[in-house]
Amino acid sequence: MATQVTVKNGNLDMALKKFKQKVARDGVPSECKKRECYDKPGVRRRNAKKEGIKNSRKRDKKERNNRD
């Protein structure tokens, strides 16, 4: 899958920023990081559980702030 970004008015910095955003939205950096090394299934489950706890705490904190 090829990602293309046009450079407008010679503004290379803005084109690079748009490219990075598109690549990040597609999930390429996280996929590369995930494939760097093998994780055992138990470690994968443990990390997923930690991530879920962290996200639920964030969500709860956000809801408490919205109520106040």
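Bear in mind that the values here come from a model prediction, so they are computed numbers and not experimental data. Note that these values count all heavy atoms, side chains included, but never hydrogens, waters or copies made by symmetry.
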Once you round to the nearest 0.5 Å, how far does [atom1] of [X] lie from [atom2] of [Y]?
| X | Y | atom1 | atom2 | answer |
| --- | --- | --- | --- | --- |
| Arg64 | Arg67 | CZ | CZ | 8.0 Å |
| Ser56 | Lys61 | OG | NZ | 13.0 Å |
| Gln21 | Thr3 | CD | OG1 | 13.0 Å |
| Asn47 | Arg44 | CG | CZ | 10.0 Å |
| Lys17 | Leu12 | NZ | CG | 14.0 Å |

Val5, Val23: one ILVMFWY side-chain cluster at the under-4.5 Å cut-off? yes
Could you pull out the closest heavy-atom pair between Ala24 and Pro29, with the gap in Å? CA-CD, 4.1 Å
Judged by atom type as modelled, is there a donor-acceptor pair below 3.5 Å linking the side chain of Lys22 to the main-chain atoms of Gln4? yes
Are more than 12 heavy atoms, taken from residues, nucleotides or ligands other than Arg45, located less than 6.0 Å from that residue's CZ atom? no
Cationic N near anionic O, under 4.0 Å, Glu36 to Lys33: no
Would you say Lys49 and Ile53 make side-chain contact, with heavy atoms under 4.5 Å? yes
